[in-house]
Every structure is written in C-alpha cells, then in structure tokens.
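Let me give you the structure first, and then I'll get to my questions.
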Amino acid sequence: MGSPYMDEDDNTETKDFPLFAEDSVGTYITPMILAVAESILNAKEQCSLVSDIASAIRQLGFKYNWNFNYCSVVFAAPAAWMLDGIDRIRNIVRLSAKEVNSSSETVKEAEAVASAIWLARTGLSKSEIGEYIEVNFGYDLHKSCDNICPDYSEQTIYESNALSGMIAFFEGMSFEDVLRNAVYSGGKSNEIASVAGSIAEAFYGIDNDWKKGTLSRLTIELEIILRSYDVRYGTFHKCEIYPPHKAIRFADEVHSGQKIKGTNIDYITHSMEVLQILTSMDVSWELMMAGVLHDTVSYGKVTIEDIIREFGDRVAYLVQAQTGDISKRWRENKTRTIEMLTNAERDIRLLVLADAVSDIRSMLTEYQEVGEQLWTRFDETKETIARCYSDIQDAVYDLQFDTHTVRLIYWEFVDIFKDLFIKYYIDEDKKEIYQVECGKNEYAIFSTFDLLWAYRKGKVPDTAKPIIRQKAECYEDLWRQQVNEFWEKAEQQLDDKETRWLQ
C-alpha cells in the first residue's frame with residue numbers, strides 16, 4: 001500500500017489516499033519477507049535456521065534483483081508470527097540480521113519490531129507494548145505522525161523507518177488507520193507501512209478482502225509461499241469454517257441477562273434472528289458478524305475499539321453504522337438511522353433491513369397475542385413507530401430490485417408492516433378497496449376503474465367493511481385479472497371487426 005508513495009517526491013500530504021492504488025505493487029520487501037517465511041516453513045533442524053534464513057534471502061533476492069537494503073520487518077514479521085517465545089524470537093531475528101551483514105541499527109530495530117508483533121499477538125495493550133519497547137530498546141514513542149517527517153536523513157533512515165512504523169501503530173485506531181498513518185508519515189512509505197501493518201495485524205486482525213487484494217498483486221511463486229504460510233499459521237483456514245461463531249459467543253456474553261423490552265425473552269435471540277435473516281440473503285461473513293454484534297455497543301459494556309480488535313475494521317464499521325445511543329429516545333435513534341440510509345452502502349442497508357424485520361416480526365407475534373395493548377410497552381406512540389418503519393421502508397425501497405433472497409426479505413418487511421399498521425376495508429358493490437395507515441388523516445383507494453391506488457383525504461366511506469390484508473390482496477388480484485381479461489377480449493373483438501372490414 002505504501003509502494004506508490006515510497007519516493008520522497010511522491011509522498012502524500014493527506015491520509016485520504018486510495019489504499020490499493022492502480023500502481024501499488026510488491027516492492028523489494030515482499031520477496032524478502034516471504035523468503036524468510038519459506039525458510040522457517042521448510043526448516044528441518046532448528047540449529048540451522050539462521051543460516052537457512054540468510055540463504056533464502058540471498059537466493060530469492062538475487063532472483064528479484066533488489067538492492068539488498070535490509071528492512072527490519074523482513075526478519076521480524078515471519079519470526080514473530082511463526083515462532084514462540086519472545087527471547088527465542090529476538091535471538092533468531094538478531095542472528096539472522098547479522099548473518100546477512102545488516103547494520104547494527106537494523107538489527108536493533110528488527111528485534112524491536114519482532115517484540116512488538118509478538119506482544120500484540122499475545123494480547124497485551126498498546127501501553128504495555130510501548131513500555132516494553134521503550135525500556136528494552138530506548139525508542140521514544142511519544143512523537144506523532146504529524147511531526148516525524150523532518151527527522152529523516154540518510155544517516156538515520158533505518159531507525160527512522162522502524163520508529164515511524166511503530167509510531168503509526170501506536171497512534172492508529174484501527175488496522176486501516178495505522179496503514180494510513182504509516183504512508184502519511186513520509187519517507188520510505190513501503191518500509192514504514194510494512195512495519196506498522198505487521199504490528200497492526202497482530203493487534204487488530206486483518207479482513208480477508210485485504211488479503212485478497214494483496215494476493216492479486218503477487219507473482220504466482222510468491223502467492224504460493226504466502227498461501228503455504230496461511231495454511232499453517234494464518235487465519236484463512238480458521239475463520240472460513242464459520243466466522244460468526246466467535247461473534248455469537250462474544251454477543252452472548254455481552255447480552256447475558258438482558259431481555260427484549262417488555263418480554264422475558266433473552267436479548268441474544270434477536271441477534272441470532274438478525275444473523276439468520278442475513279444468512280438467508282447470502283451476505284459476506286463480515287456482515288453476518290456485524291448482524292450478531294450490532295447491538296453490543298449500544299446495550300453492552302464494549303466499545304467500537306473492542307469490536308475492531310476482536311473482529312476487524314470492516315465488522316466494526318458496520319456495527320458502528322447501526323449503533324444507537326441508549327440515552328436518547330427510540331425515535332431519535334431511528335431518525336438517525338433513516339438519515340444515514342440516504343447515502344449508505346448496500347451492506348448497511350441490508351443490516352438495517354434485517355434488524356427491522358426481526359423487530360417487527362417480534363411485534364407481530366406479540367400483537368396477535370395482546371392486541372393494541374402491545375403499544376403500551378414502548379416509549380413512543382403506535383403512530384410514531386409506524387411512521388419510523390414506514391420511512392425505513394421508503395429508504396430501502398431499492399432493495400426490492402436486489403437479488404431474489406433480498407427481495408423476499410424486503411417484501412416480508414412490507415407485509416408485516418401492513419399487518420401491524422394498516423387497516424383494510426372493501427366495498428364489493430363498487431369494487432373498491434381502502435387502506436388506512438396508522439396515524440394518517442387520509443386513505444388509499446383501489447378501484448377497478450383505473451386499477452391504480454390513489455390517496456384521498458378524510459375517512460373511508462361508511463359502506464366499506466373491514467377485511468384482512470390477505471383477503472384484500474386476493475380481491476385486488478382477482479379484479480385486476482377480470483378487468484385485464486375484459487379489455488383483452490374487447491381488443492380482440494375490435495381486431496376481428498377491423499379484419500372483417502378490411503376483407
């Protein structure tokens with residue numbers, strides 16, 4: 001991600017840059033890191049590991065014609081991910097860096113970066129990781145990405161790159177934010193981003209979409225090495241079994257003891273139903289997990305930062321979009337959701353739809369048992385609730401043209417809304433159907449005269465009788481068919497007369 005900006009003249013002056021630019025490629029760091037990873041993968045005797053690493057670096061480096069500028073992360077990242085024990089990792093990294101004649105500063109920074117990765121892997125906080133690095137290596141980690149650029153010089157470039165990468169990690173709030181900090185820092189952006197990204201992946205995790213974006217930019221040879229690593233040490237094979245399992249366990253703990261308002265039903269059942277709805281729509285793993293976790297921040301004791309760390313940037317982004325403020329009224333949170341949907345991406349719209357369908361399914365079940373008494377359980381009136389769900393329905397209107405499974409959920413939302421908030425009437429003599437939506441001083445009328453729904457002010461005529469939605473829809477379909485058949489028959493008769501006249 002740093003490759004388009006690694007020359008001084010190309011450094012970006014903003015954090016708002018494309019993460020995978022068209023000209024982003026693997027640089028000299030890529031084959032070196034993978035060479036070290038491959039040597040550890042294939043090592044038969046631990047006593048020869050250091051020499052194996054040095055040999056692999058030289059062989060692959062000669063093939064890819066790099067300039068043998070040994071960045072610290074080359075030794076640090078594979079060892080910290082593939083070996084255990086901080087003392088052993090530091091020893092292997094130190095000896096490997098010396099074996100290929102790295103500078104003393106590169107050896108030092110390689111140990112520091114490897115330590116940071118290992119400590120992040122074991123679950124330590126940023127403050128604990130920072131304290132270890134400062135005490136053991138003497139780095140000052142209290143600078144900001146905004147003021148480290150002037151420190152660059154040819155004499156200190158290796159130390160500056162490692163230090164900048166670590167500062168980018170400590171200052172970042174997510175994996176993506178860390179990468180943006182790293183590239184924004186200036187200097188050798190590819191080296192800084194490699195250091196920062198390696199630590200950030202250990203701390204935050206990394207989405208599979210990012211991995212796929214990287215794999216597409218590797219040669220076949222390098223891709224095979226990376227995939228071999230992932231089978232043994234990566235996360236592809238672990239999370240692809242069924243990633244939502246981790247989210248379910250997390251949400252179950254957060255919602256423990258919580259009940260759906262006005263009921264004795266465990267709150268986690270709502271989260272599970274949202275997951276079931278999203279699963280039926282054949283969405284991504286990240287969206288499924290966001291469905292399970294969508295209320296954990298609003299109703300739990302966790303933060304968005306916790307979600308980022310446990311499930312990655314993408315899941316946290318989706319959860320944050322659906323996170324309300326429990327200190328505010330239900331109506332205020334729904335209004336915020338409706339406003340957000342105006343420009344929201346498809347995944348967010350699907351998440352809101354799944355949440356809304358789960359909510360009104362529960363309402364309909366309760367309504368069939370207790371009737372109008374249901375609305376006394378809410379802080380808002382029935383009219384306010386109806387208006388909010390009507391606005392959500394309008395905001396996701398385009399989903400009726402989505403995939404088949406999404407369309408089914410959208411129309412279920414529409415049908416349940418009608419059962420809860422719309423009353424139907426019929427005048428069979430006039431062949432007219434009437435709809436009255438809760439809270440509105442108007443009604444919709446369907447007539448066989450023009451086969452269209454039209455709105456009128458006032459009350460439904462006294463001649464109309466109540467009818468259930470399903471029966472009203474059956475009448476509408478029947479009358480449409482009858483009228484269409486009448487006009488088809490009339491048109492055919494006109495065609496026959498015209499034919500006879502011409503003859």
Side-chain angles (χ1 to χ4, degrees), residues 173-174 204 243-279 283-363 366 374-375 377-381 384-385 387-389 391-393 395-396 413:
M173 296 299 295
S174 67
Y204 293 109
H245 275 157
K246 180 181 178 182
I248 292 169
R249 292 192 295 271
F250 185 92
D252 186 45
E253 183 175 347
V254 170
H255 292 306
S256 178
Q258 295 178 359
K259 304 292 182 181
I260 295 176
K261 190 169 185 178
T263 74
N264 198 35
I265 301 172
D266 290 336
Y267 197 88
I268 191 64
T269 60
H270 167 66
S271 305
M272 295 302 297
E273 185 169 34
V274 172
L275 170 61
Q276 176 269 323
I277 294 169
L278 290 169
T279 302
V283 299
S284 66
W285 292 128
E286 289 82 6
L287 183 50
M288 289 184 197
M289 289 189 281
V292 178
L293 301 166
H294 74 281
D295 277 336
T296 54
V297 176
S298 296
Y299 296 98
K301 297 179 180 179
V302 298
T303 64
I304 286 295
E305 287 69 29
D306 295 324
I307 303 297
I308 291 173
R309 179 163 185 173
E310 292 292 330
F311 303 98
D313 295 351
R314 178 63 179 171
V315 175
Y317 166 72
L318 295 169
V319 170
Q320 188 168 33
Q322 185 66 349
T323 296
D325 184 346
I326 59 173
S327 66
K328 295 183 178 180
R329 293 178 64 89
W330 182 89
R331 176 181 54 192
E332 293 179 85
N333 283 318
K334 289 300 179 186
T335 300
R336 169 194 168 275
T337 297
I338 293 161
E339 291 172 350
M340 173 198 64
L341 285 171
T342 304
N343 298 308
E345 63 171 84
R346 178 175 179 267
D347 275 1
I348 292 176
R349 299 161 79 80
L350 293 178
L351 179 56
V352 171
L353 174 62
D355 182 39
V357 169
S358 175
D359 284 341
I360 64 174
R361 277 180 182 176
S362 177
M363 289 181 189
E366 292 293 304
L374 167 67
W375 311 112
R377 299 178 182 176
F378 296 91
D379 297 330
E380 308 291 349
T381 64
T384 298
I385 296 170
R387 185 164 58 253
C388 287
Y389 281 114
D391 289 342
I392 291 175
Q393 182 180 313
V396 298
F413 181 35

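Source: prediction; values computed, not measured.
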Checklist entry - Where do M288 and T279 land on the side chain to side chain contact (heavy atoms under 4.5 Å, CB included) test, with the steps shown first? => result CA-CA 7 Å; M288 289 184 197; T279 302; 3.9 Å; yes

Next on the checklist: Using every non-hydrogen atom in the two residues, find where V302 and T296 come nearest and quote the distance to one decimal.
Outcome noted: CG2-O, 3.4 Å

Checklist entry - If you count the non-hydrogen atoms of other residues, nucleotides and ligands that lie under 6.0 Å from CD in E253, is the total more than 12? => result no

Checklist entry - Under the 3.5 angstrom rule, does the side chain of S174 hit a backbone N or O of D313 as a donor-acceptor pair? => result no

Checklist outcome for this item: All heavy atoms of M173 vs all of I308, minimum pair found to be O-CD1, 3.5 Å

Next on the checklist: If I compare all heavy atoms of I265 with all of T263, which pair ends up nearest, and what's the gap?
Outcome noted: N-OG1, 3.1 Å

Next on the checklist: With a 6.0 Å cut-off (strictly less than), is the heavy-atom count around NZ of K328, excluding the residue itself, greater than 12?
Outcome noted: no

Next on the checklist: Walk me through whether Y317 and I348 qualify under side chain to side chain contact (heavy atoms under 4.5 Å, CB included).
Outcome noted: CA-CA 9 Å; Y317 166 72; I348 292 176; 3.7 Å; yes

Item to check | Closest approach of V315 to M289 (non-hydrogen atoms, all atoms of both residues) | outcome: CG2-CE, 4.0 Å

Checklist entry - Which distance, rounded to the nearest 0.5 Å, do you find between the OG1 of T335 and the CH2 of W330? => result 8.5 Å

Checklist entry - What closest approach, in Å, do I338 and C388 show between heavy atoms, and which atom pair accounts for it? => result CD1-O, 3.6 Å

Checklist entry - Are the side chain of R349 and the backbone N or O of A395 linked by a donor-acceptor pair below 3.5 Å? => result yes

Next on the checklist: Test your reading of the model: is there a side-chain donor-acceptor pair from T337 to the backbone of N333, 3.5 Å cut-off?
Outcome noted: yes

Checklist outcome for this item: In this structure, CD of Q322 is separated from CG of L351 (nearest 0.5 Å) by 4.5 Å

Checklist entry - Should the pair H294 and H270 be assigned to parallel (<30°), tilted (30 to 60°) or perpendicular (>60°) ring geometry? => result perpendicular

Checklist entry - How long is the gap from CG on L318 to CD1 on I307, to the nearest 0.5 Å? => result 11.5 Å

Checklist entry - What distance do D347 atom CG and E286 atom CD have between them, rounded to the nearest 0.5 Å? => result 8.5 Å

Item to check | Side chains of D266 and Q258 in contact at under 4.5 Å (non-hydrogen atoms) | outcome: no

Checklist outcome for this item: Heavy-atom nearest pair, F311 first then K246, reads CE2-CG, 3.7 Å

Checklist entry - Taking the side chain as C-beta and beyond, is there a heavy-atom pair between F378 and T384 under 4.5 Å? => result no

Checklist entry - So, are E366 and R377 salt-bridged, with charged N and O less than 4.0 Å apart? => result yes

Checklist entry - Can you tell me how far the CG atom of L278 sits from the OG atom of S284, to the nearest 0.5 Å? => result 9.0 Å

Item to check | Atom pair OG1/CD of T303 and Q320 - distance to nearest 0.5 Å | outcome: 10.0 Å

Checklist entry - Can D359 and Y389 be said to form a side chain to side chain contact (heavy atoms under 4.5 Å, CB included), step by step? => result CA-CA 10 Å; D359 284 341; Y389 281 114; 3.3 Å; yes

Item to check | Check against side chain to side chain contact (heavy atoms under 4.5 Å, CB included), L293 and E310 | outcome: CA-CA 11 Å; L293 301 166; E310 292 292 330; over 6 Å; no

Checklist entry - Any donor and acceptor pair, going by atom type alone, linking the side chain of T342 with main-chain N or O of E339 inside 3.5 Å? => result yes

Checklist entry - Name the one of R387, K334, R329 that satisfies salt bridge (Lys or Arg N to Asp or Glu O under 4.0 Å) with E380? => result R329

